[in-house]
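Below, each value reflects all heavy atoms present in this structure, side chains not excepted, and no hydrogens, waters or symmetry copies. We count residues from 1, following the sequence as given. Quick caveat, the model's predicted, so the values are computed rather than measured.
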Amino acid sequence: MQAWQVHENGEPSEVMRLEDVETPTPGDGQVLLKVRAANINFPDALLCRGQYQVRPPLPFTPGVEICGETEDGRRVLANPALPYGGFAEYAVADAAAVLPAPEALDDAEAAALHIGYQTGWFGLHRRAGLEAGETLLVHAAAGGVGSAAVQLGKAAGARVIGVVGGAEKAAVARELGCDVVIDRRAEDVIGAVKEATGGRGADVIYDPVGGEAYSQSAKVVAFEGRIVVVGFASGAIPSPALNHALVKNYSILGLHWGLYNTKNPKLVQHCHEQLTELAARGAIKPLVSERVSLGGAAAAVQRVADGVTTGRVAVLPGLTEGGAA
């Protein structure tokens, strides 16, 4: 089969190589899946760079989220078991963690429903307790993680403020349903949030960026507000001033979704059922901005790493270079 292999750490476009390799053999408790679509996540770039919390042995195939097909023809969602990741024709996954793909979504959309939407659901509902009528601020609102949080926030009845970088991403955020969109390149984020909330601030802030975005969050979080720390796409890990959290009476909540797969897998299943129901009634629908063939995976991972994409980019092994499935 064909698979992208990483033999040394570095930038995705430089270290990912498309090679002919043996089809992987699943181990105990694992299943072999034909990859129908693999969604690109920022952790795929971190894996290539050797900067992710999981460091598979070299060489490995990145791709942490797929819609696959079982040997008996069922469409499923899975997080491949590295080193046999999703940017390949076949991947391996733990059988116990495989979930049914929602019928309402195509392969690329289904692949994009898993990590980003599970993270959003756990962050907004399990950790922050978002309530209808509250104001939710989402950083990087047009990106893969942010776009999921925007849709989930709207589905929960929140007023959503989206922060983006650039006019093109601002347009995407509006289409996603943001009530207020702030272009951090053209506007003062802190001033704009205070104006949009009448000086009160945001009840829940969803931050997959870190760095300056976190500093802004601490200045615009409301009384008894909650800042959900999801990731550090900016590359800068902030150091919160805990005296500031005390004086302003807000909470800082960490979220590592992957832990739930081992600590409370039944909750992951419950979340998937909730997401499937929301997708079935059209309340959420992953924004897949681009579908590329297997041959285009390395360049696409690099674009995601560089922060120039919107929504999700999906790799479809069955797609030809010309675009036909």
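Going from atom CG of N9 over to atom CZ of R55 covers 5.5 Å, rounded to the nearest 0.5 Å. Atoms CG and CZ, on N39 and R291 in that order, are 10.5 Å from each other to the nearest 0.5 Å. For the atom pair OG1 (T197) and CZ (R200), the distance works out to 8.0 Å, reported to the nearest 0.5 Å. Taken to the nearest 0.5 Å, the CG atom of L113 stands 6.5 Å off from the OG1 atom of T276. Between E8 atom CD and L58 atom CG the span is 8.5 Å, to the nearest 0.5 Å. Atom CG of D28 sits about 11.0 Å away from atom CG of D94, to the nearest 0.5 Å.
Summarising the geometry of L130 relative to H125, their closest heavy-atom pair is O-ND1, 4.3 Å, with the distance given to 0.1 Å. Shortest non-hydrogen contact noted between S289 and V313 is OG-CG2, 4.2 Å. The two residues V315 and S293 have their closest heavy-atom pair at CG1-O, 3.8 Å. In terms of heavy-atom proximity, A202 sits nearest to L137 at CB-CB, 3.8 Å. Contact record, A305 with R49: CB-NH2, 3.7 Å, taken as the closest heavy-atom pair. A pairwise comparison of heavy atoms in L253 and A128 identifies CD1-CA, 3.8 Å as the closest pair.
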Without placing hydrogens or testing angles, list every side-chain donor-acceptor pair under 3.5 Å for residues 17-24, not counting sequence neighbours.
residue, atom, partner, partner atom, Å
E19, OE1, H7, NE2, 3.3
E19, OE2, H7, NE2, 2.9

Which side-chain N or O atoms in residues 139-157 pair as donor and acceptor under 3.5 Å with protein atoms at least two apart or in another chain?
residue, atom, partner, partner atom, Å
H139, NE2, A213, O, 3.3
H139, NE2, S217, OG, 2.8
S147, OG, G143, O, 2.7
S147, OG, G144, O, 3.1
Q151, OE1, Y117, OH, 2.7
Q151, OE1, K285, N, 2.9
Q151, NE2, K285, O, 2.9
K154, NZ, D179, OD1, 3.0
K154, NZ, D179, OD2, 3.0

Contacts under 3.5 angstrom, residues 76-93 side chains, donor-acceptor by atom type, not counting sequence neighbours:
residue, atom, partner, partner atom, Å
N79, OD1, H114, NE2, 3.2
N79, ND2, V64, O, 2.9
E89, OE1, Q2, N, 2.7

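In this structure, P56 and L47 have side chains that are in contact, with non-hydrogen atoms separated by less than 4.5 Å. Here the side chains of I161 and V138 are not in contact, with every heavy-atom distance at 4.5 Å or above. Contact of the I40 side chain with the T309 side chain is not registered, since no non-hydrogen atoms from C-beta on lie closer than 4.5 Å. For the pair Q302/M16, no side-chain contact is recorded, criterion being any heavy-atom separation below 4.5 Å from C-beta on. E290 places a side-chain heavy atom less than 4.5 Å from the side chain of V292. Side-chain atoms of L124 and Y206, non-hydrogen and from C-beta on, do get closer than 4.5 Å to each other. The shortest distance between side-chain heavy atoms of P102 and L275 does not fall below 4.5 Å. Between V229 and L255 the shortest side-chain heavy-atom distance does not fall below 4.5 Å.
Between the side chain of Q269 and the backbone N or O of K266 there is no donor-acceptor pair closer than 3.5 Å. A donor-acceptor distance shorter than 3.5 angstrom exists from the side chain of T61 to the backbone of W4, with no hydrogens or angles considered. A donor-acceptor contact shorter than 3.5 Å is absent between the side chain of E277 and the backbone of E273. Remark: side-chain polar atoms of D183 are paired, donor with acceptor, to backbone N or O of R185 under 3.5 angstrom.
V15 is connected to F42 through a chain of hydrophobic side-chain contacts under 4.5 Å among Ile, Leu, Val, Met, Phe, Trp and Tyr, so both are in one cluster. Note on L267 and V228: same hydrophobic cluster, where clusters join Ile, Leu, Val, Met, Phe, Trp and Tyr whose side-chain heavy atoms are under 4.5 Å apart, directly or indirectly. When hydrophobic clusters are built by joining Ile, Leu, Val, Met, Phe, Trp and Tyr residues whose side-chain heavy atoms come closer than 4.5 Å, directly or via intermediates, V301 is grouped together with L294. Grouping the Ile, Leu, Val, Met, Phe, Trp and Tyr side chains by contacts below 4.5 angstrom, directly or via other members, places I227 apart from V209.
In summary, D106 and R75 do not engage in a salt bridge, as defined by a charged side-chain N under 4.0 Å from a carboxylate O. Ion pairing of D72 with R74 is present here, as a side-chain N (NZ or NE/NH1/NH2) and a carboxylate O approach within less than 4.0 Å.
Applying the side chain to side chain donor-acceptor pair (under 3.5 Å) rule to pairs touching residues 223-235 yields E134-R226, sequence neighbours excluded. For residues 258-313, every residue pair satisfying the ring-ring contact (aromatic ring centres under 6.0 Å, His included) rule, not counting sequence neighbours, is listed here: W121-H270, F122-Y260. Residue pairs meeting the salt bridge (Lys or Arg N to Asp or Glu O under 4.0 Å) criterion with at least one partner in residues 113-133, sequence neighbours excluded, are absent. Applying the salt bridge (Lys or Arg N to Asp or Glu O under 4.0 Å) rule to pairs touching residues 33-43 yields R36-E69, R36-D107, sequence neighbours excluded. Sorted by first and then second residue, the salt bridge (Lys or Arg N to Asp or Glu O under 4.0 Å) pairs involving residues 228-241 (not counting sequence neighbours) form an empty list. Counting only residues at least two apart or in different chains, salt bridge (Lys or Arg N to Asp or Glu O under 4.0 Å) contacts with residues 78-87 are absent.
Heavy-atom neighbours of E71 CD from other residues, nucleotides or ligands within 6.0 Å: at or below the threshold of 12. More than 12 heavy atoms of other residues, nucleotides or ligands sit less than 6.0 Å from atom NZ of K248.
The residue from V180, V189, D207 that alone fulfils the side-chain contact (heavy atoms from CB on, under 4.5 Å) condition with V163 is V189.
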Problem set entry | side chain to side chain contact (heavy atoms under 4.5 Å, CB included) assessment of V98 paired with V31 | CA-CA 9 Å; V98 168; V31 290; 4.1 Å; yes
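With sequence neighbours excluded, the residues forming a side-chain hydrogen bond (donor to acceptor under 3.5 Å, both in side chains) with N41 are E65, R312, listed by chain and number. Considering only residues two or more places apart in sequence or on other chains, A280 meets the side chain to side chain contact (heavy atoms under 4.5 Å, CB included) condition with none of them. In this view, E14 and E11 satisfy the side chain to side chain contact (heavy atoms under 4.5 Å, CB included) rule, not counting sequence neighbours.
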